[in-house]
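Since the structure comes first, as structure tokens, the remarks are kept for the end.
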Amino acid sequence: LVTHPRQTKGAKPRVLQRAEHPVSRRNISKSALKVLYRLHKSGHQAFLVGGCVRDILLGLHPKDFDVATNATPDEVRALFHNCRLIGRRFRLAHVRFGKEIIEVATFRAAANHADDDHAHDDKGRIVRDNVYGTIEEDVWRRDFTCNALYYNIADFSIWDYTGGFEHVQQKRIVLIGDPEVRMREDPVR
């Protein structure tokens with residue numbers, strides 16, 4: 001297990017244009033595409049993120065599709081009649097299409113102020129984390145570089161802040177940030 005240090009504000013992504021990667025809308029569920037397009041057409045940023053992007057890059061069929069956006073959970077709910085907000089630890093929007101659920105998360109930021117909506121238990125595990133931010137902040141809240149790849153529906157590019165694209169090609173797992181802190185935050189990792 002290798003670790004990738006946390007970056008500072010202002011980090012710029014490597015943007016892989018459509019011709020530079022194999023992710024195609026044919027690999028993405030119709031439901032996820034509906035969510036991405038509606039968010040985008042409503043003026044929000046809309047990205048596929050996480051394991052679904054990684055899996056498509058590896059030639060696998062994703063088990064689910066997660067979306068990251070700058071829309072708040074309430075804004076997502078207003079766009080989709082088939083949406084339900086869930087979660088105490090972090091508010092998420094679940095948009096249901098039959099049996100398929102598209103999980104939509106607002107970009108997260110690190111809790112830096114006493115009045116931010118966040119909490120940890122006595123062992124350091126995150127129990128509440130509703131601090132919204134930008135994509136530049138969200139990327140450093142992800143667990144592994146291979147899960148910190150963002151597929152932009154606006155132009156079909158992939159945004160890579162951490163070298164995750166190369167790590168996927170190398171089949172290498174690289175943790176983002178301090179391993180002790182990250183594992184304590186979420187023991188499932």
Side-chain angles (χ1 to χ4, degrees), residues 3-18 21 23 28 32-33 35-54 65-80 83 85-95 102-120 126-165 167-168 174-178 181-182 185-186 189:
T3 61
H4 188 289
R6 188 175 290 267
Q7 295 294 316
T8 58
K9 278 190 174 185
K12 300 289 182 209
R14 173 181 173 201
V15 177
L16 294 111
Q17 299 304 323
R18 176 60 191 98
H21 65 79
V23 178
I28 302 168
L33 287 171
V35 171
L36 290 165
Y37 281 128
R38 187 168 302 166
L39 285 165
H40 177 66
K41 287 178 182 174
S42 298
H44 299 288
Q45 291 180 301
F47 296 85
L48 276 185
V49 68
C52 59
V53 178
R54 177 201 63 224
F65 292 88
D66 295 334
V67 172
T69 183
N70 60 346
T72 65
D74 287 329
E75 290 171 327
V76 175
R77 183 173 52 191
L79 290 172
F80 298 95
C83 178
L85 299 185
I86 63 148
R88 266 191 215 129
R89 175 180 163 190
F90 187 72
R91 297 291 284 170
L92 298 168
H94 277 183
V95 184
I102 305 301
E103 187 171 278
V104 182
T106 304
F107 297 139
R108 295 177 291 173
N112 293 321
H113 305 294
D115 58 341
D116 285 342
D117 185 16
H118 72 284
H120 291 77
I126 297 172
V127 293
R128 193 176 65 254
D129 187 15
N130 288 301
V131 181
Y132 303 124
T134 64
I135 189 172
E136 292 84 6
E137 295 168 305
D138 187 76
V139 71
W140 305 110
R141 301 297 311 274
R142 303 270 163 195
D143 52 3
F144 301 103
T145 60
C146 62
N147 293 333
L149 295 169
Y150 296 75
Y151 175 81
N152 187 358
I153 198 62
D155 63 3
F156 319 119
S157 63
I158 292 179
W159 293 17
D160 180 5
Y161 288 84
T162 65
F165 185 77
H167 298 155
V168 169
V174 179
L175 186 76
I176 296 173
D178 180 346
V181 172
R182 298 313 298 256
E185 289 173 344
D186 186 353
R189 289 187 182 125

What's the shortest heavy-atom distance between [X] and [Y], and which atoms?
X    : Y    : answer
V35  : F80  : CA-CZ, 3.7 Å
L85  : P73  : CD2-O, 3.5 Å
R142 : N147 : CD-O, 3.5 Å

Any side-chain donor paired with an acceptor under 3.5 Å for D138 and Y150? yes

I28 vs F65, test: side-chain contact (heavy atoms from CB on, under 4.5 Å). Steps then yes/no. CA-CA 8 Å; I28 302 168; F65 292 88; 4.2 Å; yes

Would you sort out whether D155 and S157 count as a side chain to side chain donor-acceptor pair (under 3.5 Å), showing the intermediate values? CA-CA 6 Å; D155 63 3; S157 63; 2.6 Å; yes

[Y] backbone acceptor or donor facing [X] side chain under 3.5 Å:
X    : Y    : answer
T69  : A71  : yes
R141 : A109 : yes
H167 : G163 : yes
H21  : F156 : yes

Please confirm whether R108 makes a cation-pi placement over F90, using NZ or CZ under 6.0 Å from the six-membered ring centre and within 45° of the ring normal. yes

Taking only residues two or more places apart in sequence or in another chain, which ones pass side chain to side chain contact (heavy atoms under 4.5 Å, CB included) with Q45? F47, N70, F107, W159

